[in-house]
Number of protein chains: 4
Amino acid sequence: MKDIQNQKDLRNISIQKVGVKDVEIPLKIERKPRQDQDKTLEETVYAKVKMSVSLPSHYRGTHMSRFIEILNEYKKESLLSSDIEHILFDMKNRLDAKDAYLRFDFKYFINKKAPVSSLSSSMCYDCAFEGEVDENCNYKFYLIAKVPITTLCPCSKEISKYGAHNQRALLTLKISYDNDAHIWLEDLIKMAETCASSEIYPLLKREDEKFVTECAYENPKFVEDVIRDVVLKLDENNIISFYEVEIQAFESIHNHNAWAYQKCYKR
Amino acid sequence: MKDIQNQKDLRNISIQKVGVKDVEIPLKIERKPRQDQDKTLEETVYAKVKMSVSLPSHYRGTHMSRFIEILNEYKKESLLSSDIEHILFDMKNRLDAKDAYLRFDFKYFINKKAPVSSLSSSMCYDCAFEGEVDENCNYKFYLIAKVPITTLCPCSKEISKYGAHNQRALLTLKISYDNDAHIWLEDLIKMAETCASSEIYPLLKREDEKFVTECAYENPKFVEDVIRDVVLKLDENNIISFYEVEIQAFESIHNHNAWAYQKCYKR
Amino acid sequence: MKDIQNQKDLRNISIQKVGVKDVEIPLKIERKPRQDQDKTLEETVYAKVKMSVSLPSHYRGTHMSRFIEILNEYKKESLLSSDIEHILFDMKNRLDAKDAYLRFDFKYFINKKAPVSSLSSSMCYDCAFEGEVDENCNYKFYLIAKVPITTLCPCSKEISKYGAHNQRALLTLKISYDNDAHIWLEDLIKMAETCASSEIYPLLKREDEKFVTECAYENPKFVEDVIRDVVLKLDENNIISFYEVEIQAFESIHNHNAWAYQKCYKR
Amino acid sequence: MKDIQNQKDLRNISIQKVGVKDVEIPLKIERKPRQDQDKTLEETVYAKVKMSVSLPSHYRGTHMSRFIEILNEYKKESLLSSDIEHILFDMKNRLDAKDAYLRFDFKYFINKKAPVSSLSSSMCYDCAFEGEVDENCNYKFYLIAKVPITTLCPCSKEISKYGAHNQRALLTLKISYDNDAHIWLEDLIKMAETCASSEIYPLLKREDEKFVTECAYENPKFVEDVIRDVVLKLDENNIISFYEVEIQAFESIHNHNAWAYQKCYKR
């Protein structure tokens, strides 16, 4: 059968990214060991994948099925997050490309204890791993977490006789760090939660609800306050080489959202 | 050209609904006149349309393009909401069907004054018109509005030293009423807003923010309270023959939502 | 602490459904054993949960945290799909309700072999389990699968010199069956796929792509044809007591979708 | 009342973007005049707005309500697209910011004639205007259009006895051009449509369906082909100073999408 993709293309245009997206696959990742555990645990998550390579000007098309084949091969030997680098180099080599890009989006569950009753329940976070390899074979990895929190408005608290409007907000962090270092999703998420007016929990009994209500009231924060507190922590962490932070608050008194954004290449 | 849709079908199955969805069209509707106006104003909204007819067992297919043609014809003479009945009868007749169904979903803007400063701004509501004609040529119309509101938790207020968690919630109302009566979207939405802990506004200056914060604190409501207050109002309105109400609160202390639902055929 | 939810309510309105939605939890379900396996395998999926009970008129509110507690208890003993009945009875009893409702939505992966190369890959389907217990303690279970398929237009094929427009379509099946019977997701999905112009696959090599292209061209089907073929199969299956089928085709020649719908209580 | 936002902030962090999003407003824009018209027509669209400014390190917060006030002021004198520049400068000045950013997303309807029957109907496109003013008061405007098209797979056509898989695809274009030039949405969209295997229409009679089916079969294109053809046209247009193009094809034979991406600063 003819290989149409391999036809010579005369338009003289190389394409920056060609690939597949919304591919859904089971993905094995490593979980941070608890303090009483001496090794990491593997866990299966379900990922939505976006993958691409660059395409030289002389080829008409890339071979889209190879993206799926590469994923399948890594799946046989249990797909690990730490293999992102190898998948990227395989993509680059087998698709004869200058560079390669990959992103896995998945839901990640972490057990959380309610602040007073200590009842434990599973909290779900939208997370992602992103990676790229450039033409000089430099590999870069990004860790992404979307962390739901509570924000309570300092202005509303200050000017009102009682009460203060508060709401769910979503704090999105994307970081990169040196290849010989490691940051766990669990630690990135915990750091984000400490910057909120209050953390969010799946299960709260009455004594917990009292605690989080009062905690939020005692820690009023604008989206500006939250993003600054996050930035302070990201700046002082020497392992982190890059960050991008966004917060969006689903204002309880409006039908629109407040948001703030910061991006920084530390080196 | 052969008319494949008109082929005889031998499977002996009549289909309940066949049609098109996610058709986007400009739609002319009537706006409630202000007190100082003596007639209604026409206004263009942008609607997403879902239309269907039943298909007798002996036809292989319906003629999908006729749905669009019917919409186009009504557009020429300016598409009015009051024409839903005529569009449905046209669908029923021209597609040779026992019954017909139609729904327009659109965004609707209403000017709202801030409670203290009286500053005016446009508030957007997701609304819909739905209609159906049955085999006995009975026409039924449904009015739908999704109304964002604030709810403040009575339990959180009661047990906490200060503050109370509150959040944006979405109250969805669907009503039907006698064909010789009329209810404006403006009035349905206003009724819904009076059942909230506090209304929501696009523009609030500081004196308004103080007002809505205190108002919510003084009117703590569970989703159960809101739905009961709405149901009371719908029950006592004699024009309304059917209602369906749903409320979903985007809890500020959880990453999941509280919800409540009620449906009632009054006659 | 005061139990505000237990306050007496004087509005005299019982609520049909009160509960939580968009709760995300890991859920252990059973997978259909392969022919060479003598027992079922357990597998963890990630579910979005909707749960509710009815609320008697004399209570002000339900206890929302109990929904999460009930889920947590079943999780400890590994949450099985077959426990839906027990979860529902627990909800009914512990929340002192007349009836209870529960739905788990989750992504489910099934290995699929390409039709010619026989290369295997994971195909993802959006599925759901739904259950309800009524005031007479009758339990009803529903199985839901959303199956992506290809449809190729019979009219376009007939009237055109060559080619025929085709597209991805989504076939949604919801069935109920007698409590002493069992239908696997794997079998419901397979049945749905046989009614398409062609099945859809995650991984296709060139010989496979030729096969599915020709297969679709040889099996042109309107949405009306697909739904009738599905209905025929559901009608002749005596275990099935109820079904609801919807197909939506993302027309390649339009920016709107064709759809068809059928619902039937067989007994 | 105390102005909490104006409090001095000691964290020494200036924020790159602070603002509001998902604000919904009616927006008056200009439509390209038809050949027989000598002046442009104004038309109201419904826009979702994202607006932000940078925040100096010494302020605790920005004044979110001023964003809505600025929008309201421009609305009084009828909100025109050409006012984006003035809105941005107002934002910059009144919020005492170094730079400002603004985006309006809206649905835009264009009449389209079916290729053979010449029947006219409204086609809807998701479009956006984006603008920014930097610290040196340079204004930049971006025009965005999402154009649904048909792609037909060259490989599938080549290797199959008959037929070829085809599907709806979405081509997203974002361009910038010199401030003294002008490009209409109508022209950007038309250009995009000429790069497809076939255009898409809301209303097609049988003779039109034959035409578009055969047209797509005669113009097989990978996503790579479409993006190269678009890039060629954008490169040769001297007015355009920047472009970003993405295409996503909803493959009819897979449950995932093919995509390609290109971005270029021409000057």
Side-chain angles (χ1 to χ4, degrees), chain C residues 107 109 112 114-115 121-126 146-170 196-220 249-257, chain D residues 107 109 112 114-115 121-126 146-170 196-220 249-257:
Chain C
K107 291 189 176 297
F109 289 84
K112 252 190 120 158
S121 58
S122 262
M123 175 96 173
C124 179
Y125 302 89
D126 288 314
K146 301 190 179 191
V147 184
I149 57 170
T150 304
T151 57
L152 184 139
C153 179
C155 171
S156 170
K157 175 181 172 180
E158 174 69 29
I159 62 181
S160 305
K161 262 189 297 185
Y162 30 65
H165 78 82
N166 53 76
Q167 50 270 319
R168 202 188 293 163
L170 190 66
S197 288
S198 169
E199 292 187 43
I200 267 178
Y201 300 86
L203 174 59
L204 295 171
K205 300 304 292 180
R206 244 170 306 163
E207 56 270 34
D208 303 308
E209 188 173 357
K210 172 179 164 60
F211 180 90
V212 298
T213 302
E214 294 171 359
C215 172
Y217 195 79
E218 288 157 1
N219 291 285
F250 307 99
E251 303 291 290
S252 67
I253 60 169
H254 296 304
N255 201 23
H256 59 257
N257 305 327
Chain D
K107 292 188 177 297
F109 289 85
K112 252 189 121 159
S121 57
S122 260
M123 176 98 172
C124 179
Y125 302 87
D126 287 315
K146 302 191 178 189
V147 184
I149 56 169
T150 303
T151 59
L152 185 139
C153 179
C155 173
S156 171
K157 174 182 172 179
E158 174 70 28
I159 63 183
S160 305
K161 261 189 299 186
Y162 31 65
H165 78 80
N166 52 77
Q167 51 270 318
R168 202 189 294 164
L170 190 66
S197 288
S198 169
E199 292 188 42
I200 268 179
Y201 301 86
L203 173 60
L204 295 170
K205 300 306 293 179
R206 244 171 305 163
E207 57 270 34
D208 303 308
E209 188 172 357
K210 174 179 162 61
F211 181 90
V212 297
T213 303
E214 294 171 359
C215 171
Y217 195 80
E218 289 157 1
N219 292 285
F250 307 99
E251 302 291 289
S252 67
I253 59 169
H254 296 305
N255 200 23
H256 58 257
N257 305 327

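All chains are named by letter (A, B, ...) in the order of the sequence lines, taking the proteins before the strands, and each is independently numbered beginning at 1. Worth saying up front: this structure is predicted, and the values here are computed from it rather than measured.
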Quick one, Glu218(D) and Tyr162(C) - any side-chain contact, counting heavy atoms below 4.5 Å?
yes

Heavy-atom distance under 4.5 Å to chain C: side chain of Cys124(D), backbone, both or neither?
backbone

For a quick test of reading the model, state the closest non-hydrogen atom pair linking Asn166(D) to Ser252(C) and the distance between them.
OD1-OG, 3.0 Å

What pair of heavy atoms forms the shortest contact from His165(D) to Thr213(C), and how long is it?
N-CG2, 4.0 Å

Spacing of Thr150(D) atom OG1 and Asn255(C) atom CG [to the nearest 0.5 Å]:
10.0 Å

Should the heavy atoms of other residues, nucleotides or ligands under 6.0 Å from NZ of Lys146(C) be counted, would the total exceed 12?
no

Among Leu170(D), Val212(D), Leu204(D), Asp208(D), the residue with the most heavy-atom pairs under 4.5 Å to chain C is Leu204(D)

Considering all heavy atoms of both residues, which atom of Ile159(C) and which atom of Arg206(D) are nearest to each other, and what is their separation?
CD1-O, 3.2 Å

For Ser156(D), is it the side chain, the backbone, both or neither that has a heavy atom under 4.5 Å from a heavy atom of chain C?
both

Chain D shares the most heavy-atom pairs under 4.5 Å, among Lys157(C), His254(C), Met123(C), Gln167(C), with His254(C)

Return the CD1 to CD distance between Ile253(C) and Glu199(D), rounded to the nearest 0.5 Å.
13.0 Å

Can you give me the closest heavy-atom contact between Lys161(D) and Lys210(C), atom names plus distance?
N-NZ, 4.1 Å

For Arg168(D) and Asn257(C) the tightest heavy-atom approach is NH2-OD1, 2.7 Å

I need the minimum non-hydrogen distance between Ser160(C) and Glu209(D), along with the two atoms involved.
OG-O, 4.4 Å

